[in-house]
There are 2 protein chains.
Amino acid sequence: MEQKQQIKLAVDCIIFGFNNNRLELLLVHRGFEPEKGKWSLIGGYVGNEEDLDDAANRVLYNLSGLENIYMEQVRTWGEANRDPSGRVVSTTYSAMILKSEYNAELVNKYDAQWFPIDELPELIFDHRAMVDSAVRRLRRRVRNYPIAFNLLPEKFTLPQLQMLYEGILSEPLDKRNFRRKVAQMNYFIKLEEKDMSESRKGAYYYRFDEALYAKELNFNL
Amino acid sequence: MEQKQQIKLAVDCIIFGFNNNRLELLLVHRGFEPEKGKWSLIGGYVGNEEDLDDAANRVLYNLSGLENIYMEQVRTWGEANRDPSGRVVSTTYSAMILKSEYNAELVNKYDAQWFPIDELPELIFDHRAMVDSAVRRLRRRVRNYPIAFNLLPEKFTLPQLQMLYEGILSEPLDKRNFRRKVAQMNYFIKLEEKDMSESRKGAYYYRFDEALYAKELNFNL
DNA sequence: GCAAAAGTGTTGTTGGTACACCCATGA
DNA sequence: TCATGGGTGTACCAACAACACTTTTGC
């Protein structure tokens, strides 16, 4: 314990998206040994004068071109042998991004790809456990905190929102109970405009009012 | 980012105890500059080949002499300037120990002292935020997971248990509702023996049956 | 006029909360 | 016998779950 400490510190990002009505993860293809051909979370080392949170944001920015993305620290993985190439302790962060807004060129450059959450390929090291832990955390939190909106555009419809929740929780929800709960939260603002792309009748758009929510903090879905 | 990474990795332990019917924290007195005279969590650097979890256990063992103590990782604190003496990233762990079982000599040697959770002295660096975060986590979890028993002896009475919960949650609980919930969980085993030290009537001892609980996992208090 | 998705209320059940008195015992 | 903490049951209320039909519109 007295010798000089030789531990590298990294961050890994669990990047969620909601595409084709399914919860998906953005993974990068590993083009080099060891574990070449497997997939992995996008990660990077922490800079000497960089906040841990900033490192996670930088890693995400480099891949997606997106800034000011909502991220949460999940937990830190510190088993001595977790990375066979050396001693690396990694803190995981989960992020939510919109496929429509990110920079597809950058993603191509990194050989990244979206995978539905229940059809993940083989991942390197302990990344699978990292993902599972982040998904569990998301499921625990999504009903009590308005975090899922980061996976939808500003304007969204209630059928969209419900499908998102069903995708995250991986269970069907009752339409009327779901909509009643939404109606009880007055920071869901119903707009005049309708989304006509999914049905003939059209579904009203809603938006989520952060400022109004901040006064109540009673989110519940 | 290309230069050699120079970040030290540490663990800090938030050590809970339940003494004199109050939730307390074990803190160590800081006898050197900077921040001399303030109090701090007990912490230490992670060994090069030591699991992060093991480092937390070692730190706790060195202070208390206790092994196989229940610990949970809380979160990792990685702000670049959190420790003015250098770049240190620290992962916090929370632990629960019994005053009656730990090694008082060791604790004296480290100039450690118990403080009720709502009468904490000034702490160094970001340790106060660490404590707050661990307390919030404990309060969130204590009603759904049987973790509080680590703060009681094997045999405990229901009045004891209720006072523990009231201390943790910092709110009074209804005695009858509390006891009904206990009665619904059949892994609370009522013993023949009574604790006669707190009242004339005496209160029955109970024990918590881990194996039975493992089959149900429906803890709720 | 029909197919396809959007939208709408009621009822039963369950879990939570509030609340006051009797019991056992040692001094 | 009395003071002290231990132990017990019921009634109300709120939140949740289950469930089926009508509306709108483009084709």
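FYI, side chains are in, hydrogens and waters are out, and symmetry mates aren't considered; it's all heavy atoms of this structure. Reminder, nothing fancy here: chain letters follow the sequence lines and each chain counts from 1.
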| note | Rounded to whole Å, the NZ-P distance (B:Lys175 to D:dT4) equals 15 Å

| request: Could you tell me the separation between the NZ atom of A:Lys194 and the C1' atom of D:dG26, rounded to a whole number of Å? | output: 13 Å

| remark: To the nearest angstrom, the CG-P distance between B:Leu169 and C:dT17 comes to 12 Å

| field | Listed nucleotide nearest any side-chain atom of A:Arg179, set C:dA18, C:dG7, C:dT25 | value | C:dG7

| Does the ring centre of B:Phe149 sit less than 6.0 Å away from the ring centre of B:Tyr206? | no

| query | Between B:Phe125 and B:Trp77, is the gap from one ring center to the other below 6.0 Å? | reply | no

| query | Start at the 5' end of DNA chain D and walk down; is the nucleotide closest to A:Asp174 or to A:Gly202 reached first? | reply | A:Asp174

| query | For A:Arg143 and B:Lys201, take the nucleotide of DNA chain D holding the closest heavy atom to each; which residue's nucleotide lies nearer the 5' end? | reply | B:Lys201

| Atom-to-atom span, NZ of A:Lys190 to C1' of C:dG7 - whole angstrom | 8 Å

| query | Can a donor-acceptor pair be found between the side chains of A:Tyr213 and A:Asn186 at a distance below 3.5 Å? | reply | no

| note | Taken to the nearest whole Å, CG/B:Asn177 to P/C:dC19 is 11 Å

| message | In this structure, how many angstroms lie between the P atom of D:dG5 and the OH atom of B:Tyr204, rounded? | response | 19 Å

| query | For the residue pair A:Phe156 and A:Tyr205, is the inter-centroid distance of their aromatic rings smaller than 6.0 Å? | reply | no

| task | Rounded off to whole Å, could you give me the CZ-to-P distance for the B:Arg200 and D:dG6 pair? | result | 12 Å

| request: Specify the separation, in whole Å, of atom CE of B:Met163 and atom C1' of D:dG6. | output: 11 Å

| For the base of D:dA15, is there a side-chain donor-acceptor partner from A:Arg180 under 3.5 Å away? | no

| message | As a test of reading the structure: which of C:dA5, C:dT10, D:dT4 is closest to the side chain of A:Ser199, going by heavy atoms? | response | C:dA5

